[in-house]
Colleague: 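A single structure is presented below for examination.
Every number for a ligand or one of its atoms is a count from 1 in the order of the listing. Just the heavy atoms: all of them, side chains too, but no hydrogens, waters or symmetry mates, feed the values below.
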Amino acid sequence: MKKIPHKIFLSEEQIPSKWYNLRADMKNKPAPMLNPATLQPITLEEITPVFCEALAKQELDNDTRWVDIPESIMDMYRIYRPSPLIRAYNLEKALGTPAKIYFKYEGNNTSGSHKLNSAIAQAYYAKEQGLKSLTTETGAGQWGTALSEACAYFGLDLNVYMVKVSYEQKPYRKAVMQTFGANVIASPSNTTQIGQKILAADPNERGSLGCAISEAVEKAVTSDNCRYVLGSVLSQVLLHQSVIGLETEAAFNMIGEYPDIIVGCAGGGSNLGGLIAPFMRDKLTGKANPRIIAAEPASCPSLTRGKYAYDFCDTGMITPMAKMYTLGCEFKPSANHAGGLRYHGMSPILSQLYDDGFMEAIALEQTSVFEAAVMFAKCETILPAPESAHAIKGAVQEALKCKESGEAKTILFGLTGTGYFDMTAYTSYLEGQMNDYVPTDADLEVAFSKLPPVNV
Ligand SMILES: *Cc1c(COP(=O)(O)O)cnc(C)c1O
């Protein structure tokens, strides 16, 4: 039998020319976003002040199965896509597992993550509409970097509200964004009313994603020709990220394989939603039945311990409400090192699929995640992002189960990015300084008690 190569590369012509909208194949659609003022499903007119029009339409579209990817977006995709599907032969050997482990590697661009796939789309539609600038938030910095690249490419100004603790810990991330021309502001800041209010209550506040979102939204709605863009959670973002899954499907078709188990890390759910899109479609339509596993940090366990409820997407409670697995928009996760996974909620699409039993979820403690990251780095010579390492750990656990049972399952995981800006975290792990903080039920109850009353 012919040996499967280490890297399965598609040709440039095989980059998907359409995104796939998983919602079209869901029997139970994700619950509609609500206008917090009326508690009615939000209308196109109501969200176009926040999102640009094409993206607002994508956000509300539960039915169009395939969406053409505009040629200007394809042009930029061609710079760094298709991304490789890689067979982790060395990792398999080190684990002594009969399982076949594959990973889809999205770290081959300057943002160091999959985020660029949606940043390009969002900047393109903003430019098309004649907007002059965008605002956004960034936690760990990958999304801010990706959007800086995209805005530089399409000629848009960009204000990035960067969670203050990251702003201070990751000066080089900030410098990369500035290189692409972005204006980077530590959040909370005094450039918005929300920021001023938060700083008045606590001048030492180090910020959170929810708070940075509030600031970015406020800045967008109070500036001319400006819109807010978000790098995860939203259904439009999962749509754009479907390129990951579609390429993976094409690569598996080329080698005649199909995954039995798919593992992805889950922050707001965009890489996981993108990676699984065609495989979840096969599951929903009864064509195949892969196990799909979301790996989240034990310190921010929205799927495994959250409530499925309407909640705000931000701390300032100015965004529409989304029905999702949430820890409550006032939940502040402990200072774990996977910044991209520190969000209180989860994509409404994935939340619905999880609630309907189409997906499993696991919560992992960070020292065990870094242990897997270091092992993976040594075997496959890629330094993974801490976020991505959650997927590695999940895949390793499944591969070890295969070792016990002797089953040669095919495991796929999403390697969402690289960890070069996370060396403080690696050092903390290597020096034995890393803690595994897991919130108590009482901790969670505090934020649950502040969920909006629409749920009762
Ligand atoms: C942002 C990020 C994540 C988590 O975001 P999702 O929307 O859940 O995909 C995971 N990995 C990396 C490298 C990221 O930058």
Colleague: Quick one: nearest non-hydrogen protein atom to atom 1 (C) of ligand 1, plus distance?
Modeller: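 Checking every protein heavy atom, the shortest distance to atom 1 (C) of ligand 1 gives Lys115 NZ, 1.4 Å.
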Colleague: Which atoms of ligand 1 are found less than 4.0 Å from any heavy atom of Glu387?
Modeller: 10 (C), 11 (N), 12 (C)
Colleague: Going through the distances and angles, do Glu365 and Tyr437 end up as a side chain to side chain donor-acceptor pair (under 3.5 Å)?
Modeller: CA-CA 8 Å; Glu365 296 183 5; Tyr437 181 81; over 6 Å; no
Colleague: Ligand 1 versus Ala266, non-hydrogen atoms closer than 4.0 Å: side chain, backbone, both, neither?
Modeller: backbone
Colleague: Is it true that a side-chain atom of Asn117 and a backbone atom of His240 form a donor plus acceptor pair closer than 3.5 Å?
Modeller: no
Colleague: Under a 4.0 Å heavy-atom limit, does Gln241 contact ligand 1 with its side chain, its backbone, both, or neither?
Modeller: neither
Colleague: Have a look at Gly419, Ser347, Gly267 and point out the one with the heavy atom closest to atom 8 (O) of ligand 1.
Modeller: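 Selected option, by shortest heavy-atom distance: Gly267.
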Colleague: Consider every N or O of Asn271 and every N or O of ligand 1, then say whether any pair is closer than 3.5 Å.
Modeller: yes
Colleague: Answer with yes or no after comparing the ring centroid distance for Tyr102 and Phe252 against a 6.0 Å cut-off, counting only values under it.
Modeller: yes
Colleague: With a cut-off of 4.0 Å, which atoms of ligand 1 are near a heavy atom of Leu341?
Modeller: 4 (C)
Colleague: Identify each donor-acceptor pair in which a side-chain atom of residues 265-281 lies under 3.5 Å from a protein atom, sequence neighbours left out, and give them as a table.
Modeller:
from: Ser270; atom 1: OG; to: His114; atom 2: NE2; distance (Å): 3.3
from: Asn271; atom 1: ND2; to: Cys265; atom 2: O; distance (Å): 3.0
from: Arg281; atom 1: NH2; to: Glu249; atom 2: OE2; distance (Å): 2.7

Colleague: Is there a polar contact, in the sense of an N or O pair closer than 3.5 Å, between Thr416 and ligand 1?
Modeller: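 Right, the criterion is met.
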Colleague: Which residue and non-hydrogen atom of the protein lie closest to atom 4 (C) of ligand 1, and at what distance in Å?
Modeller: Gly340 O, 3.4 Å
Colleague: List the steps, then state whether side chain to side chain donor-acceptor pair (under 3.5 Å) holds for Glu296 with Thr304.
Modeller: CA-CA 8 Å; Glu296 60 182 14; Thr304 49; 2.6 Å; yes
Colleague: With backbone taken as N, CA, C and O and side chain as the heavy atoms from C-beta onward, which portion of His114 lies under 4.0 Å from ligand 1: side chain, backbone, both, or neither?
Modeller: side chain
Colleague: Which atoms of ligand 1 sit under 4.0 Å from any heavy atom of Gln142?
Modeller: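 Within the 4.0 Å cut-off of Gln142, ligand 1 contributes 13 (C), 15 (O).
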Colleague: Quick check on contacts: which atoms of ligand 1 are under 4.0 angstrom from a heavy atom of Ser232?
Modeller: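 Those atoms are 6 (P), 7 (O).
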Colleague: I want to know if ligand 1 touches Gly268 in the polar sense, i.e. an N/O pair below 3.5 angstrom.
Modeller: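 Yes; the residue has a nitrogen or oxygen that sits under 3.5 Å from a nitrogen or oxygen of the ligand.
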Colleague: Could you go step by step and tell me if Lys57 and Glu53 meet the salt bridge (Lys or Arg N to Asp or Glu O under 4.0 Å) rule?
Modeller: CA-CA 6 Å; Lys57 283 189 181 143; Glu53 207 166 312; 3.7 Å; yes
Colleague: Compare all side-chain heavy atoms of Leu158 with those of Ser148 and state whether any distance is below 4.5 angstrom.
Modeller: yes
Colleague: Using distance only, find each side-chain donor-acceptor pair of residues 139-146 under 3.5 Å and give its atom names and separation, not counting sequence neighbours.
Modeller:
from: Trp143; atom 1: NE1; to: Thr136; atom 2: OG1; distance (Å): 2.6
from: Thr145; atom 1: OG1; to: Gly141; atom 2: O; distance (Å): 2.7
from: Thr145; atom 1: OG1; to: Arg173; atom 2: NH1; distance (Å): 3.0

